[in-house]
Amino acid sequence: MRKEFYITASVKIKNNEIFKNDRSIFKVNRGLSIQDFLKEAYQFLDLSYAKFHKMDVLCKLGIIATTVLKEDYSSDTALVFQNKSSSEVSDFQHQEKLNDFPSPANFVYTLPNIVMGEISIKHQLQSENAFFIAEEFQPQIIVSHTESLLKNNKASTTICGWLEANLNDYYVFLNYIEPQGEVVFSAPTLLENYIHE
Amino acid sequence: MRKVYLGNHQIISPLGFTSLQNLESVSQGISAIKKHKSSHVGEYYAGHISTNLLDEAFLELGKVEEYTKLEKMMILAVAEVLQQHSEISKDKIAFIIATTKGNIDTLSEENLFSKEKAKLPALAKTLQEFFNLKETPIIVSNACISGGLGVSVAKKMIENESYDHAIVVGGDLVSEFTLTGFNSFQALAKEICKPFSKDRTGINIGEAAAALWVTSVKPKIDAVQIIGEATANDANHISGPSRTGEGLYISIQNAVREADIESHEIDFISAHGTATIFNDEMEAIAFNRAGLKNTPLNSLKAYYGHTLGVSALLELIFTQESLLQNKVFKSLGFKEKGTTKALNVITKTEEKPLNITLKTASGFGGCNFAMLLKKETV
Amino acid sequence: MSNLRVELKEKIIEQLNLEDLSVEDIQNDDLLFGDEIGLDSIDALELIVLLEKDYGIKLTDPAEGKEVFKSIETLAQFIESKQ
């Protein structure tokens, strides 16, 4: 029999604004650089997490998004993410330094799944991870992978969605998935919420 | 839930452009790792695929100048695997790509291809067009567990009946990009690496592509089933291996639980074994915690180097073949116990009856992977 | 002589993105990898790069690094001994 799961919370970050469950909770001028926006969001959330400043843009976005999404998580919360540009921002930084002195701290961030490591450390999640890449959001693979993890008790809950940062822009859309709730977790719903302005 | 099996495969590496050649070379203890020189890091040891030999092999499939090195490697691997399933419509096959950096070499000014090629979706598109697939391939990029995780993704899609079959293709290059990165980590060995050995001094990187058929249809002969798999994050450090082996231990426990077996039933472990001090130590701790300190184990890194995103897939294929041939391959480069916890490192390639085997991998970002395979006798 | 120590503090704060710290917060004898400053293994690798890039000193023995990077004071003395 088909078991259903539910979307119980969501977070969206775009155009220098953070939305929790579709409600704007923080906003700065769109003219502000992404680094400045992230710094102000860090202060707004009162994060006091020194490691944050060492992270690349993708990881900073991931830490802010998961902090907004929920206050605390069970350690068997899985992470199922997708984006388009992998770790492009850090890749270009590393490439620029090839002839000079490549930075080991920057090199670590040239993998998209590092953000799942940072999120796991911050929220102490010792669970399943999968990072997918696609030109466009593929909700069906996110849903099918997440459902498989939850149905087979590989994880009790999951944070899943889209976490993109490239040389020009960024877009974050993460969801919290549980066995109980009201909004049924499905690919069409996920896609609709992803597109929703 | 329906069962998922591994099928035919193809390995493209410096040790050969067929799985058979690769298995033979490894049986004979041949290493692909040689001394090379780079303008950025000086002398280094790595496993490179000869561009000339690759182009020669690729000639019958397409125009050599139209595809990047990695694309040619991946296309060669996939073409061979698909050929044996020509009766199945390609639209019925899930297509999964596993890589860490894809065509990252195209970011270099010296590379003739457009930088756009470095984007992973562009790699998927190239393969989609070459094989004339209706749907865009799924890309998994999860550091050094990518290749194994790709097979887990395939297993899940077959279990939930989204597809009956899948092809998982993995590939990564030795590039100045990764060389300079690992060099800045002071992780590159100035010799052929020595996994789990007391005198180990670091890693070599290598390049390879591999493709593997994953299916719901039980093969008539040589059936190997995936009986359990899991990943787990250390939640400890993004580059340093966990001191307690936590994530690897959890992933093994979860795979064992899904397989519904006892850990002592595992006959052989294909470990990650990168030959860095801290990685190998971490694995020894995790295997001891999982009750596997006496289980015969090897690392193939001294044969190929660390082939990054494809390593876990390549080594899974060897694990499958170990099962089928009842044969274990020696852990090349191992001399003397080099971890605080004991391990049963294989020092001789020999026949050995095998029933259940474990493949593990770990990577940056604190990710860990475990997969259990079982031979099904008719 | 103390200029080098101030300079090192500035460089470390900038290079390692220690945003919450200022030069005044770091004492010459504070343990860089202890509770006071809290650097980790990647920071140690960055310090190796910093030594080579800014002072032309190549450090290859990790055991040596452990002593050299103990504090601003040990780092400064090491650089002075090489110049």
Side-chain angles (χ1 to χ4, degrees), chain B residues 38-45 143-144 176-191 193-194 198-203 205 233-247 274-283 285 338-340 362-367, chain C residues 7-21 25-26 30-72 74-83:
Chain B
S38 132
S39 52
H40 295 108
V41 305
E43 274 181 6
Y44 67 97
Y45 284 76
C144 300
E176 293 290 331
F177 187 100
T178 41
L179 271 176
T180 51
F182 284 112
N183 192 50
S184 78
F185 260 80
Q186 309 213 328
L188 296 176
K190 292 185 169 60
E191 58 183 353
C193 69
K194 297 168 176 167
K198 198 175 176 180
D199 54 352
R200 66 186 183 275
T201 56
I203 71 166
I205 54 177
N233 198 294
D234 287 327
N236 174 58
H237 196 271
I238 53 168
S239 64
S242 155
R243 305 256 168 184
T244 57
E246 196 65 22
T274 60
T276 69
I277 299 288
F278 292 114
N279 172 77
D280 293 5
E281 174 69 13
M282 178 281 283
E283 286 186 62
I285 290 166
T339 48
T340 56
S362 304
F364 274 177
C367 55
Chain C
E7 180 184 293
L8 281 171
K9 289 176 193 174
E10 283 168 351
K11 279 182 196 281
I12 286 175
I13 288 170
E14 200 211 319
Q15 200 73 34
L16 307 182
N17 296 306
L18 306 177
E19 292 238 349
D20 297 343
L21 291 180
D25 295 327
I26 306 176
D30 279 353
L31 293 178
L32 293 177
F33 290 84
D35 290 337
E36 287 128 343
I37 315 295
L39 303 188
D40 74 356
S41 57
I42 304 180
D43 295 319
L45 293 164
E46 280 296 322
L47 289 179
I48 292 175
V49 174
L50 186 146
L51 265 185
E52 191 178 350
K53 193 169 71 172
D54 294 356
Y55 300 96
I57 303 170
K58 233 181 163 147
L59 204 79
T60 43
D61 181 10
E64 193 182 14
K66 214 169 180 183
E67 283 303 307
V68 173
F69 298 143
K70 219 164 148 182
S71 65
I72 292 292
T74 56
L75 185 53
Q77 283 179 14
F78 177 73
I79 294 170
E80 281 159 357
S81 76
K82 296 276 174 184
Q83 283 170 346

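A, B, ... follow the sequence lines: proteins, then strands. Residue 1 opens every chain. Below, all heavy atoms of this structure are taken into account, side chains as well, without hydrogens, waters or symmetry copies.
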Identify the two heavy atoms, one from B/H237 and one from C/D40, that lie closest to each other, and give their separation to 0.1 Å.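 Answer, listing the atom of B/H237 first, then C/D40: NE2-OD2, 2.8 Å.
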
Please give me the minimum heavy-atom distance between C/I48 and B/Q186, naming the atom from each residue.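 Closest pair (atom of C/I48, atom of B/Q186, distance): CG2-NE2, 3.6 Å.
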
Does [atom1] in [X] sit with more than 12 non-hydrogen atoms of other residues, nucleotides or ligands closer than 6.0 Å?
{"X": "C/Q77", "atom1": "CD", "value": "yes"}
{"X": "B/F278", "atom1": "CZ", "value": "no"}
{"X": "C/K11", "atom1": "NZ", "value": "yes"}

Distance from C/L45 atom CG to B/S239 atom OG, nearest 0.5 Å?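 These two atoms lie 7.5 Å from each other.
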
